[in-house]
Amino acid sequence: MTIRLYDTSARQIRDFAPLTPGCVSIYLCGATVQAAPHIGHIRSGLNFDIMRRWFAHRGYEVTFIRNVTDIDDKIIKKAAEQNHPWWSIGYENERAFNDAYAALGCLPPTYEPRATGHITEMVEMMRGLIERGHAYESEGNVYFDVRSLPGYLSLSNQDLDDLRQPESEGETGKRDPRDFAMWKAAKPGEPSWETPWGRGRPGWHLECSAMAHKYLGREFDIHGGGIDLIFPHHENEIAQAKGFGDAFARYWVHNAWVTMSGEKMSKSLGNSVLVGEMVKRWRPIVLRYYLGTPHYRSTIEYSEESLREAESAFARIEGFVQRVTELAGGAVEPSAEVPPAFAEAMDDDLGVPQALAVVHTTVRQGNSALAADDKEGAVARLAEVRAMLGVLGLDPLDAHWAGGSEESEDLHGVVDSLVRLVLDQREAARARKDWPTADAIRDRLGDAGLVIEDSPQGPRWSLGSR
């Protein structure tokens with residue numbers, strides 16, 4: 001079955017036809033690193049990580065570019081407020097973003113270019129746009145002439161006469177207030193680079209057009225990002241690329257927001273939930289389940305209750321995986337193929353909620369097989385479940401979540417021995433019908449972040465939220 005995606009530019013779901021058979025090229029607008037990431041930032045990375053995994057499962061060779069915007073008005077302002085070099089602000093937060101992506105199981109991009117490493121490509125693009133009559137220099141700034149390009153605003157479906165272009169301080173000398181800055185003239189104390197039009201620094205939109213051109217060429221398959229980037233960022237990216245002569249992206253895919261009290265999660269609103277803090281309270285795999293399993297075009301309204309529901313739902317899956325693994329006496333390899341209903345859901349605009357329903361149905365079938373003492377049936381269902389969870393990046397037996405190093409395995413063994421000692425004390429209390437002591441032991445383990453499950457084979461433990 002053909003993969004189908006909702007294309008923002010077409011305003012409909014389209015069959016995906018790659019530019020190069022068997023290959024997929026994806027450019028995702030990554031972090032602007034003026035501060036540490038909240039879960040709204042990381043949702044985009046998760047959604048496109050799932051897209052990438054599904055294309056790979058379908059046999060495509062994927063080239064995935066996720067950029068870093070390390071020079072920006074907000075970064076410069078933050079550096080001034082903290083009296084730190086601008087580049088130290090960017091580097092510190094870039095590391096925080098990469099830690100967050102890794103914590104939530106996102107595969108590393110094929111390339112992750114920084115804006116400041118591509119000034120040469122930006123100058124080349126501006127020169128070409130000026131030569132073609134799409135841009136002009138004024139007072140050390142370089143602006144894009146929006147009226148010079150037919151079709152401008154087709155992505156966001158706006159009327160040019162009603163346009164209000166966002167701008168920052170120092171954007172002087174425009175021929176038309178709707179024109180946007182590609183290059184900003186140097187200001188005292190700010191970082192700058194030499195160009196034919198004087199020293200200055202890049203505008204946000206120019207960075208992505210230049211980096212997409214360098215790493216993916218004049219035309220590529222998919223450009224992604226959050227819905228808040230449709231205008232002005234993506235609209236202006238298109239204008240620059242088209243004016244330069246590039247065909248640019250064939251499909252535009254946008255993910256929805258994470259909101260709190262109906263508002264977009266944003267540092268400026270003071271309602272952000274930082275990933276670095278969240279992973280201290282919730283298992284990262286549970287956070288991935290919570291952020292990655294709603295449909296990418298659906299808004300997620302953040303709440304602790306929703307996270308607890310996600311934790312309980314994932315615990316049912318994880319419990320099944322653990323029980324069958326113990327029954328089988330070792331790891332059960334994932335199936336080569338996922339169930340047809342799962343594939344059909346994923347092919348239809350990455351229908352993760354429908355695909356997840358197939359996962360839960362298969363888990364229920366596996367639990368029924370366990371109850372019927374059907375080991376072969378339970379193992380077969382686990383193989384299917386692991387294949388599906390692998391696509392979603394949620395397989396608890398994957399080395400990323402299970403811990404692939406000798407140190408982590410040794411630590412798990414030590415913790416297991418200690419917990420088993422406490423559980424033996426609990427079992428002894430239960431045997432003598434000392435229920436208050438048995439319950440107190442269980443509660444104390446729960447306070448420590450451990451979930452205890454009583455099974456016919458005896459009690460087992462797993463990590464819960466903290």
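Please read these numbers as outputs of a predicted model, since none were measured by experiment.
Between Tyr302 and Tyr290, the angle of the ring planes goes over 60°, which puts this pair in the perpendicular group of the 30/60° scheme. In this pair, His57 and Trp54 present their aromatic rings parallel. The plane angle is below 30°, not in the 30 to 60° band. Using a 30° and 60° split on the angle between ring planes, His234 and His254 fall in the tilted class, from 30° to 60°. Ring geometry for Tyr289 versus His360: interplanar angle over 60°, hence perpendicular rather than tilted (30 to 60°). Ring geometry, Phe248 versus Trp252: the interplanar angle falls from 30° to 60°, so the pair is classed tilted.
Counting only distance, with no hydrogens or angles, the side chain of His400 and the backbone of Gly393 share no donor-acceptor pair below 3.5 Å. In this structure a side-chain-to-backbone donor-acceptor pair under 3.5 Å is missing from Asp145 to Ala135. When atom types are taken as modelled, the side chain of Lys264 and the backbone of Val258 share no donor-acceptor pair closer than 3.5 angstrom.
Comment: Asp348 engages Arg4 in a salt bridge, judged by a side-chain N to carboxylate O separation of less than 4.0 angstrom. Salt bridge Arg95/Asp99: absent, no basic N to carboxylate O contact under 4.0 Å.
A cation-pi arrangement is present between Arg132 and Phe244 under the rule of less than 6.0 angstrom and at most 45 degrees off the ring axis. In this structure, Arg297 is positioned above the aromatic face of Tyr6, its NZ or CZ under 6.0 Å from the six-membered ring centre and within 45° of the axis.
Across every non-hydrogen atom of Val286 and Leu307, the tightest pair is CG1-O, 4.3 Å. In terms of heavy-atom proximity, Glu301 sits nearest to Ser261 at OE2-N, 2.7 Å. Here the closest non-hydrogen pair linking Trp86 and Pro191 is NE1-CB, 3.3 Å. The two residues Trp197 and Val123 make their nearest non-hydrogen contact at CH2-O, 3.8 Å. A pairwise comparison of heavy atoms in Gly173 and Tyr136 identifies O-CE1, 4.0 Å as the closest pair. Looking at every heavy atom in both residues, Thr293 comes nearest to Val352 through O-CG1, 3.4 Å.
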- Could you check His223 against Glu237 for side-chain hydrogen bond (donor to acceptor under 3.5 Å, both in side chains), going step by step and ending with a plain yes or no? CA-CA 11 Å; His223 196 310; Glu237 275 190 66; 2.8 Å; yes
- Query: Run the side-chain contact (heavy atoms from CB on, under 4.5 Å) check on Asp221 and Phe16 step by step: do they pass?
  - Reply: CA-CA 9 Å; Asp221 291 310; Phe16 176 75; 4.0 Å; yes
- Before giving the answer on salt bridge (charged side-chain N to carboxylate O under 4.0 Å, His left out), spell out for Arg114 and Glu94 the whole-Å C-alpha distance, their side-chain angles and the decisive distance to 0.1 Å. CA-CA 10 Å; Arg114 294 188 184 102; Glu94 180 183 343; 2.8 Å; yes
- Task: Begin from the C-alpha positions of Lys78 and Asp72 and carry the test salt bridge (charged side-chain N to carboxylate O under 4.0 Å, His left out) through to its verdict.
- Result: CA-CA 10 Å; Lys78 186 66 65 69; Asp72 175 83; over 6 Å; no
- Phe220/Ile65 under side-chain contact (heavy atoms from CB on, under 4.5 Å): CA gap, chis, key distance, verdict: CA-CA 11 Å; Phe220 57 95; Ile65 311 299; over 6 Å; no
- Item | side-chain hydrogen bond (donor to acceptor under 3.5 Å, both in side chains) assessment of Asp70 paired with Tyr91 | CA-CA 8 Å; Asp70 60 342; Tyr91 183 63; over 6 Å; no
- Message: Please determine whether side-chain contact (heavy atoms from CB on, under 4.5 Å) holds for the pair Phe231 and Leu163, giving the CA-CA distance in whole Å, both sets of side-chain angles, and the decisive distance to 0.1 Å.
- Response: CA-CA 11 Å; Phe231 181 83; Leu163 180 65; 3.1 Å; yes
- What do the steps show when you test Gln165 against Asn236 for side-chain hydrogen bond (donor to acceptor under 3.5 Å, both in side chains), and what is the final call? CA-CA 10 Å; Gln165 190 84 250; Asn236 292 346; 3.3 Å; yes
- Task: Check the pair Glu124, Arg127 against salt bridge (charged side-chain N to carboxylate O under 4.0 Å, His left out), reporting the backbone distance first and the verdict last.
- Result: CA-CA 5 Å; Glu124 179 184 350; Arg127 182 182 288 114; over 6 Å; no
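Remark: Glu384 engages Arg381 in a salt bridge (Lys or Arg N to Asp or Glu O under 4.0 Å) (not counting sequence neighbours). Applying the salt bridge (Lys or Arg N to Asp or Glu O under 4.0 Å) test to Glu194 and every residue at least two apart in sequence or in another chain returns Arg199. Residues forming a salt bridge (Lys or Arg N to Asp or Glu O under 4.0 Å) with Asp7 (at least two apart in sequence, or on another chain): Arg14.
More than 12 heavy atoms of other residues, nucleotides or ligands sit less than 6.0 Å from atom CD of Glu219. For Glu61, the CD atom is loosely surrounded, since the number of other residues' heavy atoms within 6.0 Å does not exceed 12. For Asp161, the CG atom counts as densely surrounded, since its 6.0 Å shell holds more than 12 non-hydrogen atoms of other residues, nucleotides or ligands.
Residues Ile222 and Met51 meet the side-chain proximity criterion, which asks for heavy atoms closer than 4.5 Å.
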